[in-house]
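What's counted below: heavy atoms across the whole structure, side chains too, no hydrogens, waters or symmetry copies. Quick note on labels: first sequence line is chain A, next is B, and so on, each numbered from 1. On a predicted model such as this, the values are computed, not experimentally measured, just so you know.
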2 protein chains.
Amino acid sequence: MESWDPYTRGCPSRDLLDQIGSKWAVLMLGELGKHGACRFTQLRQRLAGVSEKMLTQTLRTLERDGLVRRTVYAEVPARVEYELTSLGQTLRAPLRALTEWSVRHIEEVLEARDEYDVRTEGAG
Amino acid sequence: MESWDPYTRGCPSRDLLDQIGSKWAVLMLGELGKHGACRFTQLRQRLAGVSEKMLTQTLRTLERDGLVRRTVYAEVPARVEYELTSLGQTLRAPLRALTEWSVRHIEEVLEARDEYDVRTEGAG
DNA sequence: CAGAATCCCATCTGATACTG
DNA sequence: CAGTATCAGATGGGATTCTG
């Protein structure tokens, strides 16, 4: 076991941290965790605002990292399902904690922003 | 209490989630949580690789969101200290969980990437 | 349906230089 | 020391078009 330190420049764990914390990855993993296996279009609808490009791109990265499993069914029209791997499952709790934090504290943050803006208005 | 849902487009909690999960914010909050009050240059050294610009920029955003408190001491040369607010403290646990996850599972992810790359080599 | 491919703009991010 | 200002490259992300 080496010493991986995300506070060190260029450490792979830092990149991984960026990746799993990225805009769409957080939401994608969250959705897959909540609903289980999910199709491309379903996922797209649930993540309101995601483009096909980012959906595909993020899903690929997650697949490559071993967090998501992609299963193609030989049907016409094609059907593809995405689901969390066991490794991906281990990310559910920490990610959910973060998501819940943002929901629970958004109002405090909104207030803090107002205060800050008033406080720094005009003068810097 | 309204219903804030980060899965909805344009919801402030989604933006907040992006912000607290961003590259430098995660590490900055982590460091401030570990060491307590910290000066600009100290912080810069601990977050190996961060530029002055990103340090300032991220710190400002965190300050505006009410997560970090900035204190200026009237000395020459100037001294400025940053520390977590009580709101910022509540983010420590979830963020640390995420950081620890990335450290604990980086090797599995690295292996998964190798397998993926081999599996998809040449043929798509 | 589930993408791949392409074009293009906006933002993010970093390196450099300058200042109170 | 703790920034600010500026420039430029990398990346994110959207719209559109096309395919098995």
Open item on the list: Keeping A/Arg14 on the side-chain end and A/Tyr7 on the backbone end, is there a donor-acceptor pair under 3.5 Å?
Closed with: yes
- [ ] May I ask you to test the A/Arg44-A/Val50 pair for a side-chain heavy-atom distance under 4.5 Å?
- [x] yes
Open item on the list: With a cut-off of less than 4.0 Å, is there a side-chain N or O of B/Thr56 near OP1 or OP2 of D/dG3?
Closed with: no
Open item on the list: Five pairs per end, C1' atoms only: what is the angle between the end axes of the helix from C/dC1-D/dG20 to C/dG20-D/dC1, to 10 degrees?
Closed with: 50°
Open item on the list: Rounded at 0.5 Å granularity, tell me how far CG in B/Leu43 sits from NE2 in B/His35.
Closed with: 9.5 Å
Could you run down the sub-3.5 Å N/O contacts of the protein with nucleotides 12-14 of chain C?
{"residue": "C/dT13", "atom": "O4", "partner": "B/Lys53", "partner atom": "NZ", "Å": "2.9"}
{"residue": "C/dG14", "atom": "OP1", "partner": "B/Lys23", "partner atom": "NZ", "Å": "3.2"}
{"residue": "C/dG14", "atom": "OP2", "partner": "B/Trp24", "partner atom": "NE1", "Å": "3.1"}
{"residue": "C/dG14", "atom": "O6", "partner": "B/Lys53", "partner atom": "NZ", "Å": "2.4"}

Task: Heavy-atom neighbours of A/Arg79 CZ exceed 12 at 6.0 Å - done: yes
Open item on the list: Using whole Å, what does the distance between atom C1' of nucleotide D/dG12 and atom CG of B/Asp18 come to?
Closed with: 12 Å
Open item on the list: With rounding to the nearest 0.5 angstrom, report the CD to CG distance, A/Gln42 to A/Leu47.
Closed with: 12.0 Å
TODO: Would you kindly give the CG-to-C1' distance between A/Leu43 and C/dG3, to the nearest whole Å?
DONE: 14 Å
Between protein and nucleotides 17-20 of chain C, what N or O pairs are separated by less than 3.5 Å?
none

TODO: Ignoring backbone atoms, test whether A/Arg44 places a side-chain nitrogen or oxygen under 4.0 Å from the OP1 or OP2 oxygen of D/dG14.
DONE: no
Using residues 66-74 of chain B as the side-chain source, report each donor-acceptor pair under 3.5 Å to any protein atom, sequence neighbours left out, with the distance given to one decimal.
{"residue": "B/Arg70", "atom": "NE", "partner": "B/Tyr82", "partner atom": "OH", "Å": "3.2"}

TODO: Rounded to the nearest 0.5 Å, what's the gap from OG on A/Ser86 to CD on B/Glu108? Could you check?
DONE: 8.0 Å
Task: OG1 on B/Thr120 to CD on B/Glu115, rounded to 0.5 Å - done: 11.5 Å
Just distance, no hydrogens or angles: give the donor-acceptor pairs under 3.5 Å from side chains in residues 16-27 of chain B, sequence neighbours left out.
{"residue": "B/Ser22", "atom": "OG", "partner": "B/Gln19", "partner atom": "O", "Å": "2.9"}

TODO: Take the protein atom CG of A/Leu55 and the nucleotide atom P of D/dA15, then report the distance between them rounded to whole Å.
DONE: 14 Å
- [ ] Measure the CG-CH2 distance between B/Leu95 and A/Trp101 for me, rounded to the nearest 0.5 Å.
- [x] 9.0 Å
Open item on the list: With a 4.5 Å cut-off on side-chain heavy-atom distances among I, L, V, M, F, W and Y, is there a chain of contacts connecting B/Leu32 to A/Tyr116?
Closed with: no
Open item on the list: How many whole angstroms separate atom CZ of B/Arg14 from atom P of D/dG13?
Closed with: 11 Å
Open item on the list: Using a 4.0 Å cut-off on heavy atoms, which residues in residues 30-40 of chain B reach DNA chain C? List them by number, or say none.
Closed with: none
Open item on the list: Less than 4.5 Å apart, side chain to side chain, heavy atoms only: is that true for B/Gln45 and B/Thr41?
Closed with: yes
TODO: Give a yes/no on whether any side-chain N or O of B/Tyr82 is located under 4.0 angstrom from OP1 or OP2 of D/dC1.
DONE: no
TODO: Calculate, to the nearest 0.5 Å, the distance between atoms OG1 and CG belonging to A/Thr61 and A/Asp65 respectively.
DONE: 7.0 Å
